[in-house]
Asker: 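Have a look at this one before I ask anything.
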Amino acid sequence: MQDTFAILIDGKEAAAHAGETILDALRRAQVDTPTLCTHEHLTPAKACRACVVELKGSRALVASCERKVEPGMELRTDSRRVLEARRGVFELLLSQNDVSAAPALVLQAERAGADRERYRGQRYDRGLHDDNELYVRDYDKCILCYRCVEACGPDVQNTFALTVAGRGFSAGIAAGYGESLPDSACVFCGNCVAVCPTGALMDKREHTLRAEGRWDESRYDVVQTTCSYCGVGCQLELHVDRRSNQIVKVTSPGDHSITQGFLCVKGRYGYSFVEA
Amino acid sequence: MPEDDRAVRERVRRLIDETGRERTQLLEVLHKVQAEYSHVPRAAAEAIEQEMNVPIADTYGVVTFYDLLSDKPVGRRVLRICEDVTCSLHGAAELAARAERAIGPEGEPSPDGAVSWTRCACLGLCDKAPAALFAEEPLAPLSETAIAKVGEGHA
Amino acid sequence: MHEPVLLRRQGHPDATLEAYVADGGLKGFARTREIGQAATVAVVTESGLVGRGGAGFPTGRKWESVRTAAESERYFVLNADESEPGTFKDRVMIETDPYMVLEGVLIACYAIAATRAYIYVRGEYRGAARLLAAAATQLAAAGHLDGIAPGGRPLAIEVRHGGGAYICGEETALFRSIEGYRGEPMSKPPFPTVAGLFRKPTVINNVETIANIPDILSRGAGWLQRYGTDRSPGVKLFSVSGHVGRPGVYELPFGAPLQELLDLAQAGRDLRALLLGGAAGTFVFPGDFDMPLSYEGAQSRAATLGSGALIAFDQGTDLWRVAERLGNFFAHESCGQCVPCRIGTRRQHEMLAALADGSGGDGERERIATLGQVMTDASICGLGQTASTAVRSLIDAESRGLLAV
Ligand SMILES: Cc1cc2nc3c(=O)[nH]c(=O)nc-3n(C[C@H](O)[C@H](O)[C@H](O)COP(=O)(O)O)c2cc1C
Ligand code: SF4
Ligand code: SF4
Ligand code: SF4
Ligand code: FES
């Protein structure tokens with residue numbers, strides 16, 4: 001197979017590179033494609049189906065985040081079938097989930113023309129898991145994107161503290177043997193929190209500040225620094241409240257060559273120990 | 001309690017010895033654990049992690065995926081009443097209501113732990129509808145009398 | 001009257017290896033060893049056999065791609081997970097003739113040079129699993145498994161017990177289950193023949209498909225075509241249940257009229273409708289009871305044979321209540337992996353429950369149809385893709401006035 005070849009996107013010829021996904025090719029061609037579950041540093045879960053496209057010769061639509069390009073592929077991203085499928089995916093999520101902490105999802109849903117009311121029905125009611133000092137889990141907000149499981153598992157952390165449990169509508173994320181995080185194998189690296197796209201996993205501090213109505217991103221400066229706990233050289237972004245001079249959150253840039261956005265407990269949550 | 005857990009781990013280790021330690025044997029091992037303890041206790045998942053290198057969370061994910069496995073105790077013998085199309089034409093709903101009266105709430109073991117009952121998907125016994133399994137063997141066609149016997153411990 | 005072929009040993013005393021051999025068993029396998037792998041696959045291809053597990057894929061083509069695969073580690077999997085509502089023909093096939101099923105497995109394994117064979121039996125079929133395991137032990141003891149595996153080794157046959165999950169009948173979910181994981185389907189491609197069990201080239205066949213193999217080998221490539229139609233050669237097992245006098249499994253040549261099957265099962269003349277093809281099938285009304293039971297015959301009436309399940313409903317049956325049961329089944333059996341099916345099957349069930357209770361209306365009908373299209377188009381696997389097929393066929397029938405009493 002040659003390394004670069006042509007594919008057809010909505011009737012227009014576009015370049016594609018062997019080994020990349022359809023989504024990669026769509027992005028290069030600047031075709032706006034909604035995505036929820038896929039993440040640049042994790043195995044595609046192909047679970048949300050927001051990114052589906054029509055592929056000539058395939059009966060069902062295909063997930064562009066997972067399917068690799070092949071020479072001569074003919075894709076449609078603007079057909080009625082594609083647009084209705086995507087809209088349906090968002091409408092189903094809106095019918096079940098608390099999306100109050102997922103502005104990106106809401107925006108994509110609006111763009112897809114989703115009607116919040118179409119599929120009214122039983123919503124998630126799973127309660128808040130607030131069982132440790134570092135982060136909380138609110139699975140009413142979870143869309144089961146598998147990112148946290150993959151980050152905790154072989155893709156990043158190799159701790160394997162998380163799993164998808166149950167089946168069907170009652171499938172959801174669980175820690176350990178369906179227990180609290182401290183009882184599970186969790187080492188509190190917070191990498192699951194870093195990849196969660198919906199706010200279902202949230203640092204405890206952010207969660208508390210939000211609950212008290214005191215979370216205000218306009219007040220936070222981002223200060224770049226290198227973590228000093230060990231010699232690896234992870235880059236940290238300290239989110240500092242200008243008024244109180246307190247650190248409210250620590251992240252790492254997703255494009256950093258060492259971290260790819262992932263940290264350990266000391267880098268991500270060390271500040272809470274320092275300040276406590 | 002810790003003594004119990006140790007005994008469970010020991011027993012599960014032996015089950016793994018006789019079944020196989022590769023992950024592909026997980027479901028077979030879990031079937032045996034379920035048969036022995038009427039559920040898969042956490043201590044079993046601990047032994048599985050040590051012996052088979054399957055994370056505890058993974059075992060939990062698998063146990064909660066399959067209808068014949070459970071993380072919480074069920075009765076030592078389970079009555080599974082099919083509630084799918086053919087059996088529902090033959091009175092499955094009434095039989096389930098009868099089971100609730102005779103045995104108790106769905107999924108909950110009787111006080112002595114001997115039996116519990118649950119609704120289930122098509123059992124492939126539609127030619128003998130209304131169908132059920134009791135202690136994993138066919139009990140079909142299921143009758144009110146049979147349910148009463150199960151409830152009284154005479155089945 | 002069709003003289004049964006697959007079920008010809010029904011009513012015989014308990015199956016033993018001796019009785020099987022005395023009755024002409026293992027001749028197909030002997031023939032395979034005589035003509036070798038390539039010729040065996042050629043016979044199967046030429047016979048016109050297609051899979052009886054629902055998808056109808058040509059069996060010989062599957063075998064050929066694994067036989068010629070570059071990798072030497074390959075697997076054969078017998079799919080005995082049979083969990084489609086209303087379907088029990090594989091159980092009856094195994095109970096009737098476990099040795100014929102296993103002879104088919106031996107032939108398949110030899111033909112594709114399988115490293116190992118897995119027999120995945122649904123966990124609720126304890127009896128069938130025991131029969132197959134015992135038969136495999138007998139075959140091994142008698143030396144019939146010797147020299148089948150590559151390198152002249154004896155073939156290892158492992159019987160695996162499902163955990164109670166309909167989705168594990170879907171081939172990629174079944175592989176995950178054997179591997180020790182949650183039965184969550186994987187994307188296709190890659191297809192099993194390329195990357196199946198343990199991501200190795202794999203042939204997976206349904207029990208009924210495999211039961212055809214010994215006769216095809218012993219009687220020749222043209223034998224299957226003595227039965228059935230040009231486009232659907234052979235015979236088919238039908239599981240009949242519901243409002244009929246004699247529920248059970250019936251064997252008929254493809255193309256036999258649906259009414260003949262109903263007569264065999266002693267259905268009354270006052271049926272309201274049938275569900276043909278299982279939960280993922282379609283409702284069929286009396287006007288179509290002359291339908292030929294072949295793939296093309298069903299297709300011509302916008303129906304499907306699916307797994308060959310037929311559930312009959314008399315005049316007193318509330319078909320919306322039946323639809324509600326189907327909705328419940330899919331919601332319960334969705335693996336939960338993808339959004340359209342995980343949430344969609346739940347919403348579909350809620351709407352069907354409303355229709356069955358009389359509280360739903362045209363809004364529900366319209367939403368079910370819209371949702372059905374989303375599930376069909378965007379779901380990962382066949383479960384979500386077909387979860388609305390039967391229900392939509394009912395809505396369609398209603399709009400054509402077929403539900404009026
Ligand atoms: C949801 C679902 C359930 C299935 N269940 C079964 C089953 O119980 N038995 C079976 O043989 N095939 C089942 N299939 C079809 C299999 O995926 C596969 O096509 C079949 O086993 C191939 O065998 P065949 O070619 O001999 O038919 C199922 C498919 C889907 C999508
Ligand atoms: S904090 Fe780290 S170890 Fe704990 S569950 Fe999340 S990813 Fe796994
Ligand atoms: S908790 Fe977050 S990361 Fe994990 S599956 Fe749910 S939405 Fe995805
Ligand atoms: S369609 Fe349903 S059963 Fe299939 S992968 Fe998606 S959620 Fe699972
Ligand atoms: S982004 Fe492709 S399936 Fe979720």
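These values consider heavy atoms only, across backbone and side chains, with no hydrogens, waters or symmetry-generated copies. Reminder, nothing fancy here: chain letters follow the sequence lines and each chain counts from 1.
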Asker: At a 4.5 Å cut-off on heavy atoms, which part of A:Arg86 comes close to chain C: side chain, backbone, both, or neither?
Answerer: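 Contact with chain C: none, neither part.
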
Asker: Let me know if A:Ser170 has heavy atoms under 4.5 Å from chain C in its side chain, its backbone, both or neither.
Answerer: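 For A:Ser170, there is no contact with chain C at all, as no heavy atom is under 4.5 Å.
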
Asker: Would you verify whether the NZ or CZ of C:Arg347 falls within 45 degrees of the ring axis of A:Tyr119 while also being under 6.0 Å from that six-membered ring's centre?
Answerer: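 No, cation not above the ring by the 6.0 Å, 45° rule.
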
Asker: Can you tell me which residue among A:Leu92, A:Leu144, A:Ile143, A:Leu36 is in a side-chain contact (heavy atoms from CB on, under 4.5 Å) with C:Val339?
Answerer: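 Of all the options given, the one that passes is A:Leu92.
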
Asker: Treating C:Arg182 as the side-chain partner and A:Thr163 as the backbone partner, does any N or O pair qualify as donor plus acceptor under 3.5 Å?
Answerer: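 Side chain of C:Arg182 to backbone of A:Thr163: no pair is present.
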
Asker: Check whether A:Gln122 gets within reach of chain C through its side chain, its backbone, both or neither, counting any heavy atom under 4.5 Å.
Answerer: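 When you check distances to chain C, atoms from both the backbone and side chain of A:Gln122 fall under 4.5 Å.
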
Asker: Side chains of A:Phe169 and C:Ile343, heavy atoms from C-beta outward: is any pair under 4.5 Å?
Answerer: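 They are in side-chain contact.
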
Asker: Inspect the surroundings of CD in C:Glu296 and state if more than 12 heavy atoms from other residues, nucleotides or ligands are less than 6.0 Å away.
Answerer: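 Yes - once you tally the heavy atoms of other residues, nucleotides and ligands closer than 6.0 Å, there are more than 12.
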
Asker: Is it the side chain or the backbone of A:Ala45 that comes within 4.5 Å of chain C heavy atoms, both, or neither?
Answerer: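 Interface part for A:Ala45: backbone (N, CA, C, O).
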
Asker: Tell me, out of C:Glu184, C:Glu350, C:Arg346, who's got the most heavy-atom pairs with chain A below 4.5 Å.
Answerer: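 Heavy-atom pair counts peak at C:Arg346.
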
Asker: Under the salt bridge (Lys or Arg N to Asp or Glu O under 4.0 Å) test against C:Asp377, which residue among A:Arg59, A:Arg49, A:Arg81, A:Arg80 passes?
Answerer: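 Looking at A:Arg59, A:Arg49, A:Arg81, A:Arg80, the match for C:Asp377 under the salt bridge (Lys or Arg N to Asp or Glu O under 4.0 Å) is A:Arg81.
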
Asker: Decide, yes or no, whether a salt bridge links C:Glu333 with A:Arg167 under the criterion of side-chain N to carboxylate O below 4.0 Å.
Answerer: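 A:Arg167 and C:Glu333: salt-bridged.
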
